[in-house]
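Counting from 1, the numbers follow the sequence of the chain as shown. In this text the structure is predicted, and so the values were computed from the model without any measurement.
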Amino acid sequence: MPARTGFLSFCRALWRWLRAPCWLGVGFLVGFLGPYLVYLDSQVRSRFDDLSWDLPSRIYARPLQLRVGMPMTAPVLELELEASRYVRSSAAKLSGSFSEGNGRFVIARRSFADGDGREPAQRVAVTLASNTVTALGDADRGTPLDSARLDPARIATLYGAEQEERRVIRLEQLPPLMVAGLQAVEDREFKHHHGIAFSAIVRAAFADVAAGHVVQGGSTLTQQLVKNLFLDRGQRFTRKANEALLALLIEARYDKHRILEAYMNEVFLGQQGGQAVHGFAAASEFYFGREPRELTPAEIALLVGLVQGPSLYDPRRHPDLALARRNLVLNQFYETGLIDDAALAAARAAPLTVLESSGLAHNRVPAFLDLVRAQVQRDYPAAELERAGLSIYTTLAPSTQTLTEQALVQTLDTLGRRQPELQGAAVVTGARDGEVQALIGGRDPTDPGFNRALDAHRPIGSLVKPFVYLVALTQPQNYSLATLLDDSTVDLVQPNGTHWTPQNDDHETHGKVPLIDALAHSYNLATVHLGLALGLDKVRGLLESFGLDATINPNPSLLLGAVDLSPYDVAQLYQYFAADGHALPLRAVRSVVDAQGRALTRYTLKPGSGGYVEPARLVSYAMQEVAVTGTAHAIAAQGLGALHAAGKTGTSDSQRDSWFAGFAGAQLAVVWIGRDDNKPTGLWGATGALQAWIALFRSLPGVPLTPDQGGLELAWIDPQSGQRTQAECQGARQLPFLAGHLPEQTEHCVWQEIKQLLGGGH
């Protein structure tokens with residue numbers, strides 16, 4: 001009894017001593033910790049209930065579609081593969097690799113999806129001969145293919161406020177070894193703990209001490225996810241406490257599958273400049289150019305190892321450290337039974353297969369991207385472009401872009417020995433589809449500054465003349481290619497009393513000349529006489545019908561190109577001739593696909609009615625003569641006569657602007673060379689822009705221009721009179737005419753008349 005009384009007395013004394021701290025603790029729990037946990041829980045729910053990230057939009061070139069019979073050279077095909085980050089391999093077994101020998105390529109195509117559908121991974125065999133695709137087949141099955149599309153190169157990325165590279169992926173889309181391997185290395189108790197694992201902390205400490213450096217992390221995957229989503233990188237006690245509380249709350253509210261999936265998409269795994277790589281899907285593309293499911297065990301181990309320190313173990317900057325870390329991770333895979341002895345040995349023996357290029361194209365083609373933005377933003381607001389994870393498939397042809405850059409830069413470098421201030425721009429389109437394959441905005445194609453292809457509006461000079469002649473040839477009762485034009489002096493009194501007296505470039509007059517020759521030799525005087533006879537309003541109306549964002553000069557000087565247009569505007573005009581007399585709006589975007597691979601928008605061709613198809617064919621025929629005997633005869637003289645190209649040179653007043661617009665069977669290219677200060681260059685269209693055009697078409701896989709002759713008839717003409725004659729007559733020329741509009745009068749040459757007088761004798 002006394003003992004019990006003593007114990008009770010002790011308890012009462014102890015309570016008196018502990019009463020204040022206990023009530024203080026209860027007050028803390030009720031008054032602070034409880035509400036704070038409610039606050040933290042609300043933060044967790046607001047972030048996790050609708051877990052999402054701002055996803056950048058990726059911009060891609062066009063997929064290269066290979067077909068038997070299409071023109072292709074080995075260097076051009078290699079340019080395409082290089083742009084898409086394919087690596088040369090002896091066997092070409094892994095997606096994203098290729099082999100080549102004796103004109104035969106084996107390409108291990110990656111899987112991809114664009115607006116035209118999904119393409120699975122496939123090994124494609126391509127045989128080239130005589131600059132042509134002569135055979136195409138499935139390299140594994142040995143069966144022929146009608147066509148094969150290669151995954152397109154990524155050319156740019158549209159980021160929001162945070163330049164975070166991320167591709168959200170479901171856990172089921174990741175290889176099992178990656179999911180299990182991450183847990184084996186970073187958190188072996190993940191399936192069993194409730195957010196905090198004290199045993200893991202102790203085990204990691206012992207492992208680090210034994211190794212002499214950090215080999216395991218003490219934090220659970222949930223704690224690491226909390227750091228990335230909610231907290232800064234500080235080491236304060238309050239931050240550690242918040243980390244533990246948030247981890248417990250997340251584990252209490254969400255299942256392990258969702259937590260692990262969030263981690264796989266959020267974890268930081270690399271950096272390129274200001275672009276941060278988050279998640280295993282983005283890292284797989286960043287380091288290997290492949291989907292996660294296509295990675296080898298060694299590659300998976302490298303990515304898992306990067307979780308511990310993406311900068312320290314960066315395989316591009318520190319390959320030795322990365323290799324050692326990868327092998328350590330492989331050992332842990334083996335220790336936990338994820339791989340067997342053979343897989344361990346093979347993976348440890350494998351070299352680092354990281355691509356030299358990261359593929360994080362922030363903006364590889366700035367001038368072209370300006371055009372893409374302008375076209376896409378008509379349908380998608382900027383906020384959506386920067387956050388919705390769209391894939392934008394464009395019309396850019398990487399090989400054509402590269403070859404155009406080389407041709408323009410080399411020409412400017414050659415010309416610039418005397419004038420280093422020269423600048424240039426170029427636009428290349430598909431001749432029959434209006435797709436912009438290349439666009440160069442200046443001498444430095446990577447400079448995101450002033451875009452001369454779109455924004456430099458300069459006088460186009462004689463590039464306007466084919467449209468003057470087109471107006472004439474729509475009147476077949478009055479004009480044909482054989483019509484004689486007056487190339488005599490022009491003296492027009494202007495409204496202000498001054499005289500406009502244009503001259504030919506050779507300062508000569510040429511009397512009566514056939515219309516085709518007036519265009520081929522770019523005679524100014526003949527063109528002015530013709531334009532005035534047609535009426536300025538008709539010429540101006542034709543140019544305005546193309547919907548150009550430009551004011552068309554209403555004065556007679558319009559007939560000689562006194563109208564300011566950009567190279568892109570000129571390409572829009574000449575696309576009409578290249579597309580066989582059909583107005584095609586130029587397009588830079590093919591399709592837009594959402595983050596789940598579903599097609600949102602497909603941009604299809606909408607050609608105009610083609611009301612002047614046959615007259616346009618006559619103009620194209622005349623422009624083919626330009627490239628043989630006219631102002632662009634250097635095309636034939638320099639070995640490109642087989643292309644049968646059509647085009648027109650242009651030079652503005654005082655030789656301030658050098659232009660050439662020309663097309664063959666596959667591409668139309670417009671080149672401008674001049675100075676930003678608008679000073680004279682000393683160049684004609686033929687001595688400046690034409691030289692860059694020739695350099696480009698010399699390297700492109702060529703397709704000859706074979707104009708459609710539908711609606712036309714051929715006849716022999718005496719160029720001195722413009723009348724029909726016989727083929728045997730001296731100087732006779734065969735020219736096309738609109739069907740039903742051949743000249744009626746027939747000219748007989750002298751020897752033919754003598755032959756008839758002699759009764760047809762020999």
Could you give me the CA-CA distance, side-chain angles and deciding distance for W672 and V570, then say whether side chain to side chain contact (heavy atoms under 4.5 Å, CB included) is met?
CA-CA 10 Å; W672 167 84; V570 172; over 6 Å; no

Between V592 and Y603, is a side chain to side chain contact (heavy atoms under 4.5 Å, CB included) present by the stated rule, with each step listed?
CA-CA 9 Å; V592 178; Y603 295 87; 4.0 Å; yes

Check the pair F577 / L470 against side chain to side chain contact (heavy atoms under 4.5 Å, CB included), numbers first and verdict last.
CA-CA 10 Å; F577 294 118; L470 176 62; 4.2 Å; yes

Criterion side chain to side chain contact (heavy atoms under 4.5 Å, CB included) on L473 and Y612, from CA distance to verdict
CA-CA 9 Å; L473 293 170; Y612 298 141; over 6 Å; no

Would you sort out whether D370 and Y568 count as a side-chain hydrogen bond (donor to acceptor under 3.5 Å, both in side chains), showing the intermediate values?
CA-CA 12 Å; D370 288 342; Y568 184 80; over 6 Å; no

Assess the residue pair D569 and S566 against the criterion (side-chain hydrogen bond (donor to acceptor under 3.5 Å, both in side chains)); give the C-alpha distance rounded to whole Å, side-chain angles, the decisive distance to 0.1 Å, and a yes or no.
CA-CA 5 Å; D569 291 334; S566 69; 3.2 Å; yes

Decide side-chain hydrogen bond (donor to acceptor under 3.5 Å, both in side chains) for T601 and Y380; before the verdict, give the C-alpha distance in whole Å, the side-chain angles of both, and the deciding distance to 0.1 Å.
CA-CA 10 Å; T601 309; Y380 297 92; 2.4 Å; yes

For H457 and D564: C-alpha separation, side-chain torsions, deciding distance, then whether side-chain hydrogen bond (donor to acceptor under 3.5 Å, both in side chains) applies.
CA-CA 5 Å; H457 292 78; D564 293 351; over 6 Å; no

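Within 6.0 Å of CG in D677 there are more than 12 heavy atoms belonging to other residues, nucleotides or ligands. Heavy atoms from other residues, nucleotides or ligands lying under 6.0 Å from CZ of R656 number more than 12.
Taking 4.0 Å as the cut-off between side-chain N and carboxylate O, R62 and D114 do not count as a salt-bridged pair. Ion pair D116/R602 flagged as a salt bridge, since at least one NZ, NE, NH1 or NH2 atom sits closer than 4.0 Å to an Asp/Glu carboxylate oxygen.
Counting all heavy atoms, side chain and backbone alike, L532 lies closest to P556 at CD2-CB, 4.4 Å. Among all heavy-atom pairs drawn from L64 and E80, the shortest one is CD2-CG, 3.9 Å. Closest approach of V613 to D580, counting heavy atoms only: CG1-O, 3.6 Å. Looking at every heavy atom in both residues, I440 comes nearest to A453 through O-CB, 3.4 Å. The two residues G688 and L415 have their closest heavy-atom pair at CA-CD1, 4.0 Å. For H499 against G497, the heavy-atom pair with the smallest separation is CD2-O, 3.9 Å.
Contact annotation: the side chain of R675 approaches that of Q419 to within less than 4.5 Å [non-hydrogen atoms, C-beta and beyond]. Taking the side chain as every heavy atom from C-beta outward, T489 and T501 never approach each other to under 4.5 Å. With a 4.5 Å cut-off on side-chain heavy atoms, S652 and R458 do not count as touching. Inter-residue side-chain proximity for T429 and F663 is flagged as unmet; no heavy-atom pair is nearer than 4.5 Å. Within the 4.5 Å cutoff, the side chain of T395 has heavy atoms near those of the R590 side chain. Considering only heavy atoms from C-beta on, L403 comes within 4.5 Å of L700 through its side chain. Residues L573 and L565 are in side-chain contact: their nearest non-hydrogen atoms beyond the backbone lie under 4.5 Å apart. Using a 4.5 Å cut-off on side-chain heavy atoms (C-beta onward), L712 and L738 make contact.
With sequence neighbours left out, R85 forms a salt bridge (Lys or Arg N to Asp or Glu O under 4.0 Å) with no residue at all.
With hydrogens and angles disregarded, no donor-acceptor distance shorter than 3.5 Å links the side chain of N451 to the backbone of D455. Listed for the Q375 side chain is a donor-acceptor partner under 3.5 Å among the backbone atoms of A588. Checking side-chain atoms of R432 against main-chain N and O of A578 turns up a donor-acceptor pair under 3.5 Å. The backbone N or O of A153 sits less than 3.5 Å from a side-chain atom of S84, completing a donor-acceptor pair. Between the side chain of S57 and the backbone N or O of L385 there is at least one donor-acceptor pair closer than 3.5 Å. Remark: the backbone N or O of Q503 is paired with a side-chain donor or acceptor of N524 at under 3.5 angstrom. Formation of a donor-acceptor pair under 3.5 Å by the R443 side chain with backbone atoms of E421 is not found in this model. Put simply, the side chain of H633 gets close to the backbone of G630: a donor and an acceptor are under 3.5 Å apart. Using a distance-only test at 3.5 Å, with no hydrogens or angles considered, a donor-acceptor pair links the side chain of S658 to the main chain of A689. Using modelled atom types, no side-chain atom of R58 and backbone atom of R154 make a donor-acceptor pair closer than 3.5 Å.
Exactly one residue among D657, D676, D444 makes a salt bridge (Lys or Arg N to Asp or Glu O under 4.0 Å) with R452. That residue is D676. Applying side chain to side chain donor-acceptor pair (under 3.5 Å) to Y159 and the options E165, E386, R387 leaves one that passes, E165.
The aromatic ring centroids of F467 and Y574 lie less than 6.0 Å from each other.
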Donor-acceptor pairs under 3.5 angstrom involving side-chain atoms of residues 637-648: please list them, not counting sequence neighbours.
residue : atom : partner : partner atom : Å
Q638    : OE1  : R698    : NH2          : 3.3
Q638    : NE2  : Q691    : OE1          : 3.2
K648    : NZ   : S522    : OG           : 2.9

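For the residue pair T629/E625, the side-chain donor-acceptor check at 3.5 Å is satisfied. In this structure, a donor-acceptor pair under 3.5 Å is present between the side chains of N496 and T498.
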